[in-house]
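Here the structure comes first, spelled out in structure tokens, and everything after it is commentary.
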Amino acid sequence: MSQLQKLSIKMLEYIDQIEDRYKQGRDTGEKGDFYLEVKPFADKVKQDNDKWKAEAEKWIKDNSPKGLRIQQIQSAYDQMDTSSIQAFFPETSKSRFTNQVNSAKYVVQRLLVLIEEKES
């Protein structure tokens, strides 16, 4: 399994955690503590997100896959950055948050499929 595949799977795991945290906040109405929860989690996501973006962009440049462009990687990267923070704030618009997370998830999943197709 390539480094990019491992990072992509990790990004999908983060997306699951982001969705769970947002649902928990919506249910309880409680915001996350910025220094105890929000910042440590967002920093961890950003570190892996930075690596994922660099690897994904390189893979797209090297392989020129159909149906996935570097702009989509940039958008997913931005959406992961934003949603990793917004997940801790229940007042975040549910539809906007959901669209953002689903869009990032689609790009990461699509990338994984394209990698598998290229390797088989």
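The structure displayed is predicted, hence computed values, not measured ones.
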- Just say parallel, tilted or perpendicular for the rings of Tyr14 and Phe41, cut-offs at 30° and 60°. perpendicular
- One should read off an interatomic distance between Asn99 CG and Gln79 CD, to the nearest 0.5 angstrom, of 9.5 Å
- Message: Quick check against the 3.5 Å criterion: does Glu37 have a side-chain atom that pairs as donor or acceptor with the backbone of Asp33?
- Response: yes
- Message: Run the side-chain hydrogen bond (donor to acceptor under 3.5 Å, both in side chains) test against Asp43 and tell me which residues pass, sequence neighbours left out.
- Response: Lys39
- What's the spacing between Lys94 NZ and Lys23 NZ if we round to 0.5 Å? 8.5 Å
- Query: Any side-chain heavy atom of Lys51 sitting closer than 4.5 Å to one from Lys10?
  - Reply: no
- Identify whether Leu12 and Tyr106 are in the same connected component of the hydrophobic contact network (ILVMFWY, side-chain heavy atoms under 4.5 Å). yes
- Task: Could you tell me the separation between the CG atom of Asp27 and the CD atom of Gln24, rounded to the nearest 0.5 Å?
- Result: 8.0 Å
- Message: If I take atom CD from residue Gln5 and atom CH2 from residue Trp59, how far apart are they, to the nearest 0.5 angstrom?
- Response: 9.5 Å
- Query: Looking at residues at least two apart in the chain, or sitting in another chain, which of them share a salt bridge (Lys or Arg N to Asp or Glu O under 4.0 Å) with Lys6?
  - Reply: none
- Query: Which pair of heavy atoms, one from Val108 and one from Ser8, lies closest together, and at what distance?
  - Reply: CG1-O, 3.3 Å
- Item | Beyond-backbone contact of Val107 with Leu111, side-chain heavy atoms, under 4.5 angstrom | no
- Query: How far apart are the closest heavy atoms of Ile15 and Ala104, and which atoms are they?
  - Reply: CD1-C, 4.1 Å
- Following the transitive rule for hydrophobic clusters with a side-chain heavy-atom cut-off under 4.5 Å over Ile, Leu, Val, Met, Phe, Trp and Tyr, establish whether Val38 and Tyr35 coincide in one cluster. yes
- Note on the structure: Heavy-atom nearest pair, Ala42 first then Ile85, reads CB-CG1, 3.7 Å
- Heavy-atom donor-acceptor pair, Ser84 side chain to Asp81 backbone, under 3.5 Å: yes
- Ion pair Glu57/Lys53, N-O distance below 4.0 Å: yes
- Task: Test Tyr77 against every option in Thr82, Asn49, Asp50 by the side-chain hydrogen bond (donor to acceptor under 3.5 Å, both in side chains) rule and name the one that passes.
- Result: Asp50
- Mind checking what makes salt bridge (Lys or Arg N to Asp or Glu O under 4.0 Å) contact with Glu91, not counting sequence neighbours? Lys31
- Decide side-chain contact (heavy atoms from CB on, under 4.5 Å) for Met11 and Asp48; before the verdict, give the C-alpha distance in whole Å, the side-chain angles of both, and the deciding distance to 0.1 Å. CA-CA 8 Å; Met11 298 317 294; Asp48 288 329; 4.3 Å; yes
- Could you pull out the closest heavy-atom pair between Arg110 and Gly67, with the gap in Å? NE-O, 4.2 Å
- Message: Using every non-hydrogen atom in the two residues, find where Pro90 and Gly25 come nearest and quote the distance to one decimal.
- Response: CB-O, 3.2 Å
- Query: Atom OG of Ser83 and atom CG of Asp78: how far apart are they, to the nearest 0.5 Å?
  - Reply: 10.5 Å
- Atom OG1 of Thr98 and atom CZ of Arg96: how far apart are they, to the nearest 0.5 Å? 11.5 Å
- Message: Taking Arg69's backbone N and O only, do any of them form a donor-acceptor pair with Gln72's side chain (distance below 3.5 Å, no angle check)?
- Response: yes
- Do Gln86 and Tyr22 have side-chain heavy atoms sitting under 4.5 Å apart? no
- Do you know the tightest heavy-atom contact between Glu55 and Leu4? CB-CD1, 3.7 Å
- Starting from the C-alpha separation in whole Å, work towards a yes-or-no answer on side-chain contact (heavy atoms from CB on, under 4.5 Å) for Trp52 and Met80. CA-CA 11 Å; Trp52 175 81; Met80 286 293 296; 6.0 Å; no
